[in-house]
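Only a predicted model underlies this, so the values are computations on that prediction, with no experimental measurement involved. Just so you know, these numbers use all the heavy atoms, side chains as well, and skip hydrogens, waters and symmetry mates.
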Amino acid sequence: MTRIVIAGPRGNMGKEAVTMVEETAHFELVAVIDRKNGGFTMKEVEGMTNLDIPVFEDAEVCFQETNPDVLIDLTSPQSGKIHMKLALEHNVRPVIGTTGFSDDDVSELERLAEEKELGAIIAPNFAIGAILMMKFSQMAAKYMDDIEIIEQHHDRKLDAPSGTAVKTAQLISEVRQSKKQGHPEEEETLDGARGASIDGMHIHSVRLPGLVAHQEVLFGGEGQTLKIRHDSMNRRSFMPGVKLACETVMNIDRLVYGLEHIIE
């Protein structure tokens, strides 16, 4: 039985994670971490599931008192970084679904995971289909190297571009030489019209109510185009990936950045 703590149980992703853990026979939800409501149980808090599970405001106290195996944090970059470091320091294996980690952040957490010999997973996207979209895009980039990425998310998302878009570009960069795309004398008459750029690939971010998480990778070639697209219609689409990460993190002793590294 894997003992699990979930951060952010009142959030849309947190609620789905609670349901996933409760529905998985070999998982046990032992506590949740919330920015308020410490000292209550989940069933006593409006907006939480009707469970007799303790709520903690302080992650460190939670880890000390409940002795979990795994932390699931699908909240914000700020909380995710803090909780991940605390988890590793308390021998808890973190599964983090927030984006916004810098290269320095990842390097620091890699060192800590290595020192503690603990598994840890940071995934910009837990949707299995999104991971396949990134893998397929990397395959296509070997043959079509003029590429633009359009990512679309709900208007409550804090970071732009998305972690998935950045990760996609990074994976493509492993097989594609950096190059400037478009006309050599191209000029933006409005700043930002061509979006962000990684190694010459342009990334465009859309934020609108009604969206969940969507990404399209466009390839252009001689007389042809290719589009690879993934759409998450609801947040439950991320839960199979979260479940896989919780199972995998128990059997590794290092930090893994990106779900693509644990999918064959």
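The side-chain contact (heavy atoms from CB on, under 4.5 Å) check on Val166 picks up Pro161, Gln170, Ile198, with sequence neighbours excluded. Not counting sequence neighbours, the partners of Ser76 by the side-chain contact (heavy atoms from CB on, under 4.5 Å) test are Gln78, Ser79. For the side-chain contact (heavy atoms from CB on, under 4.5 Å) test, residues two or more places apart in sequence or in another chain that qualify with Glu148 are Gln181, Arg194, His202, His204.
For the pair Gln224 (side chain) and Gly221 (backbone), a donor-acceptor distance under 3.5 Å is absent. Side chain of Gln138 to backbone of Leu171: a donor-acceptor contact under 3.5 angstrom is found. Proximity of a side-chain donor or acceptor of His90 to a complementary backbone N or O of Val92 within less than 3.5 Å is not detected. Under a 3.5 Å cut-off, the side chain of Asp69 and the backbone N or O of Arg3 do form a donor-acceptor pair. Distance alone, capped at 3.5 Å, is enough to place a donor-acceptor pair between the Arg176 side chain and the Asp199 backbone. Remark: side-chain polar atoms of Glu110 are not paired, donor with acceptor, to backbone N or O of Arg254 under 3.5 angstrom. Panel note: side chain Asp58, backbone Glu60; a donor-acceptor pair is recorded below 3.5 Å. In this structure, His26 contributes its side chain and Thr24 its backbone to no donor-acceptor pair below 3.5 Å.
Across all their heavy atoms, Glu23 and Arg236 have their closest contact at OE1-NH2, 2.8 Å. Nearest heavy-atom pair, Arg93 versus Gly119, reported as atom, atom and distance to 0.1 Å: NH1-N, 3.0 Å. Considering all non-hydrogen atoms of both residues, Lys167 and Gly258 come closest at CE-CA, 4.3 Å. The heavy-atom pair separating Phe238 from Phe126 by the smallest distance is O-CB, 3.4 Å. Taking every heavy atom of both residues into account, Gly80 and Ile96 meet most closely at O-CD1, 4.3 Å. Considering every non-hydrogen atom in both Leu74 and Ala17, the closest pair reads CD1-CB, 4.1 Å.
Within 6.0 Å of CZ in Arg35 there are 12 or fewer heavy atoms belonging to other residues, nucleotides or ligands. The number of heavy-atom neighbours closer than 6.0 Å to CD of Glu188, taken from other residues, nucleotides and ligands shown, is above 12. More than 12 non-hydrogen atoms from other residues, nucleotides or ligands lie less than 6.0 angstrom from NZ of Lys180. In the displayed structure, Lys85 atom NZ is contacted under 6.0 Å by at most 12 heavy atoms of other residues, nucleotides or ligands. Remark: Glu114 CD is loosely packed, at most 12 non-hydrogen atoms of other residues, nucleotides or ligands lying under 6.0 Å away. More than 12 heavy atoms of other residues, nucleotides or ligands lie within 6.0 Å of CG in Asp155, so this atom counts as buried by the packing criterion.
Contact check for Met42 versus Ile6: no side-chain heavy atoms found under the 4.5 Å cut-off. No side-chain heavy atom of Lys15 sits under 4.5 Å from any side-chain heavy atom of Arg235. His230 has its side chain out of reach of Met134: every pair of non-hydrogen atoms, C-beta onward, lies at least 4.5 Å apart. The closest side-chain heavy-atom distance from Asn125 to Met133 is not below 4.5 Å. Residues Leu29 and Glu22 have side chains in contact (heavy-atom distance under 4.5 Å, counting atoms from C-beta outward). Residues Pro124 and Tyr257 have side chains in contact (heavy-atom distance under 4.5 Å, counting atoms from C-beta outward). Side-chain contact between Thr2 and Met250 is present, with at least one heavy-atom pair separated by less than 4.5 Å. A heavy-atom distance below 4.5 Å is found between the side chains of Leu259 and Ile128.
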Query raised in the report: Would Val21 and Ile72 satisfy side-chain contact (heavy atoms from CB on, under 4.5 Å), going step by step from the backbone distance to the final call?
Result: CA-CA 10 Å; Val21 170; Ile72 299 174; 4.0 Å; yes
Query raised in the report: Are Phe56 and Thr66 close enough, and set up right, to give a side-chain contact (heavy atoms from CB on, under 4.5 Å), and what steps lead you there?
Result: CA-CA 10 Å; Phe56 291 84; Thr66 63; 3.8 Å; yes
Requested in this report: Mind running side-chain contact (heavy atoms from CB on, under 4.5 Å) on Val18 and Met48 for me, showing each step along the way?
Outcome: CA-CA 9 Å; Val18 168; Met48 291 193 194; over 6 Å; no
Query raised in the report: Going through the checks in order, is the salt bridge (charged side-chain N to carboxylate O under 4.0 Å, His left out) test met by Asp145 and Lys179?
Result: CA-CA 9 Å; Asp145 61 358; Lys179 60 177 283 188; 3.4 Å; yes
Report task. Test side-chain contact (heavy atoms from CB on, under 4.5 Å) on Phe63 and Ile33 and set out the steps. Result -> CA-CA 10 Å; Phe63 298 149; Ile33 300 169; 4.2 Å; yes
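Separating the CZ atom in Arg10 from the CD atom in Glu46 is a distance of 9.5 Å, to the nearest 0.5 Å. Put simply, CZ on Arg207 and OG on Ser162 are 6.5 Å apart, with the number rounded to the nearest 0.5 Å. Going from atom OG of Ser232 over to atom NE2 of His153 covers 8.0 Å, rounded to the nearest 0.5 Å. From Asp146, atom CG reaches atom OG1 of Thr225 across 12.0 Å, with rounding to the nearest 0.5 Å. Here the CE atom belonging to Met233 is positioned 11.0 Å from the CG atom belonging to Leu211, to the nearest 0.5 angstrom. Between the CZ atom in Arg229 and the CG atom in Leu218 there is a gap of 9.5 Å [rounded to 0.5 Å].
A donor-acceptor contact under 3.5 angstrom links the side chains of Asp73 and Thr75, judged on distance only. Checked by atom type, the side-chain pair Gln215/Thr168 shows a donor-acceptor distance below 3.5 Å.
Ionic pairing of Lys81 and Asp105 is present here: one or more N-O contacts between side-chain nitrogen and carboxylate oxygen are shorter than 4.0 angstrom. A salt bridge links Lys157 and Asp159; the closest N-O separation between the charged side-chain nitrogens and carboxylate oxygens is under 4.0 Å. Between Arg111 and Glu115 there is no salt bridge, since no side-chain nitrogen of the basic residue lies less than 4.0 Å from a carboxylate oxygen of the acidic one.
Residues Leu118 and Leu255 share a single hydrophobic cluster, defined by chaining ILVMFWY side chains whose heavy atoms lie under 4.5 Å apart. Criterion: ILVMFWY side-chain heavy atoms under 4.5 Å apart, direct or through other members. Under it, Val249 and Met84 are not part of a common hydrophobic cluster. Residue Val5 is not grouped with residue Val55 when hydrophobic side chains (ILVMFWY) are merged at heavy-atom distances under 4.5 angstrom, including chains of intermediate members. Placement of Ile53 and Phe40 within a single hydrophobic cluster is found when ILVMFWY residues are connected by side-chain heavy-atom separations under 4.5 Å, directly or transitively. At a threshold of 4.5 Å between side-chain heavy atoms, the hydrophobic network of Ile, Leu, Val, Met, Phe, Trp and Tyr places Ile131 and Ile149 in one connected group.
Just one residue in the list Val256, Val95, Ile262 forms a side-chain contact (heavy atoms from CB on, under 4.5 Å) with Thr248, and that residue is Ile262.
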